[in-house]
Amino acid sequence: MSVQAHHLGHRTQAWELAEAAAREAGRLPALQAAFVTGQLAVAEAGCGDRRAAVARLGEAERLLERSAGQRAAIGDYHHAALAHQQAEALAALGDARGAIAALGTSLRHRPPGERRARAVTLARLAELHLNQGHLERACATWHEMLDVVPQLDSARVHDAVGRLRGRLQTVGGNRTARALLVRVRSLG
């Protein structure tokens, strides 16, 4: 629930939920504890606590290393997921370049079957590129995301496509952006 609260911009609630989960981390297998700790780092960063967020990310990484060979009953947590959490924390702390690098790491380590996570990661990466004024990179990344979208039915991915459409309306005079808007409209 903390992940969803953070995604919706409810930073205090995201922190409260992550903190409650983290209080139970000692009872969890290392793999789940790593996820919970990483999410607490994201929530702390969302509340502006850089020192705590960085410390928690290091702790999540150590827990992930200790979890070698463990599998989650539902979902999975691995280096790509940790890198995504690092990106979210860095973005919340205002380090767009670091967030972009972490999302690149996440994509390189993301298992091929995780199409939804790949699409969400690509959407976030494209948004960060656009925020940095890199329209061409953003459009190329969005095209890559759209290659994955037809295979998915996900509210989070549909939201990302909606944000893409809205963001591109403001730069519709650019040829690359217009071509991408045409592709987005063809999706329905």
Side-chain angles (χ1 to χ4, degrees), residues 1-8 14-15 17-46 49-50 52-93 95-129 137 140-142 144-160:
M1 292 183 349
S2 174
V3 173
Q4 187 68 11
H6 178 81
H7 176 70
L8 294 172
W15 178 81
L17 291 163
E19 179 67 27
R23 284 194 296 270
E24 302 300 318
R27 299 182 200 195
L28 298 173
L31 188 63
Q32 285 87 0
F35 167 75
V36 167
T37 303
Q39 179 54 34
L40 181 55
V42 171
E44 289 169 333
D49 192 340
R50 174 180 292 278
V54 170
R56 298 278 189 217
L57 286 171
E59 187 179 338
E61 189 168 8
R62 287 187 295 280
L63 284 164
L64 183 59
E65 295 304 323
R66 280 201 343 235
S67 74
Q70 289 182 7
R71 297 286 300 169
I74 298 173
D76 203 358
Y77 188 78
H78 39 63
H79 288 286
L82 175 61
H84 194 271
Q85 287 177 324
Q86 289 169 330
E88 285 301 319
L90 291 169
L93 293 169
D95 182 359
R97 291 176 121 183
I100 287 169
L103 288 173
T105 299
S106 179
L107 289 167
R108 282 190 302 281
H109 292 285
R110 181 77 50 196
E114 293 186 7
R115 292 187 311 267
R116 179 188 168 278
R118 178 171 292 284
V120 168
T121 303
L122 286 164
R124 184 69 172 124
L125 180 58
E127 289 173 359
L128 288 172
H129 279 312
R137 273 192 224 148
T141 303
W142 269 320
E144 194 176 342
M145 180 199 72
L146 292 175
D147 290 343
V148 179
V149 167
Q151 307 160 17
L152 298 172
D153 186 23
S154 159
R156 212 157 154 206
V157 172
H158 291 298
D159 288 347

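Taking NE2 of His109 as the start and NE2 of His78 as the end, the distance is 11.0 Å to the nearest 0.5 Å. Expressed to the nearest 0.5 Å, how far CG of Leu90 lies from CG of Asp95 amounts to 5.0 Å. Distance check: Leu82 CG to Leu57 CG gives 6.5 Å after rounding to the nearest 0.5 Å. Taking OG1 of Thr37 as the reference point, atom CG of Leu64 lies at 11.0 Å (rounded to 0.5 Å). With rounding to the nearest 0.5 Å, the separation of CD in Gln86 from OG1 in Thr105 is 7.5 Å.
Using cut-offs of 30° and 60° on the angle between ring planes, the pair Phe35 and Tyr77 is perpendicular.
A salt bridge is absent between Arg50 and Glu44: the closest approach of a Lys/Arg side-chain nitrogen to an acidic carboxylate oxygen does not fall below 4.0 angstrom.
The shortest side-chain heavy-atom distance between Trp15 and Leu40 falls under the 4.5 Å cut-off. Using a 4.5 Å cut-off on side-chain heavy atoms (C-beta onward), Leu63 and Arg66 make contact. The shortest distance between side-chain heavy atoms of Gln39 and Met1 does not fall below 4.5 Å. Residues Asp153 and His158 have side chains in contact (heavy-atom distance under 4.5 Å, counting atoms from C-beta outward).
Smallest separation of non-hydrogen atoms from Arg118 and Leu107: NH2-O, 3.3 Å. Nearest heavy-atom pair across Ser2 and Ala43 is OG-CB, 4.3 Å. Heavy-atom minimum distance, Gln85 versus Ala34: OE1-O, 4.5 Å. Between Ala123 and Trp142, the closest heavy-atom pair is O-NE1, 4.0 Å. Residues Ala33 and Ala25 approach most closely at CB-O, 3.6 Å, considering heavy atoms. Across all their heavy atoms, Ala55 and Arg62 have their closest contact at O-NH2, 4.4 Å.
Of the possible polar contacts, one joining the Ser106 side chain to the Ala80 backbone as a donor-acceptor pair under 3.5 Å is found. Panel note: side chain Thr121, backbone Ala117; a donor-acceptor pair is recorded below 3.5 Å.
Residues passing the salt bridge (Lys or Arg N to Asp or Glu O under 4.0 Å) test with Glu24 are Arg27, sequence neighbours excluded. Taking Glu59 as the reference, Arg56 meet the salt bridge (Lys or Arg N to Asp or Glu O under 4.0 Å) condition, with sequence neighbours excluded.
Evaluated for a side-chain contact (heavy atoms from CB on, under 4.5 Å) with Leu122, the options Val157, Asp147, Leu146, Thr141 yield exactly one hit, Thr141.
A donor atom on one side chain and an acceptor atom on the other are not found under 3.5 Å apart for His7 and Asp159.
The list of salt bridge (Lys or Arg N to Asp or Glu O under 4.0 Å) pairs with a residue in residues 101-113, not counting sequence neighbours, reads Arg110-Glu114.
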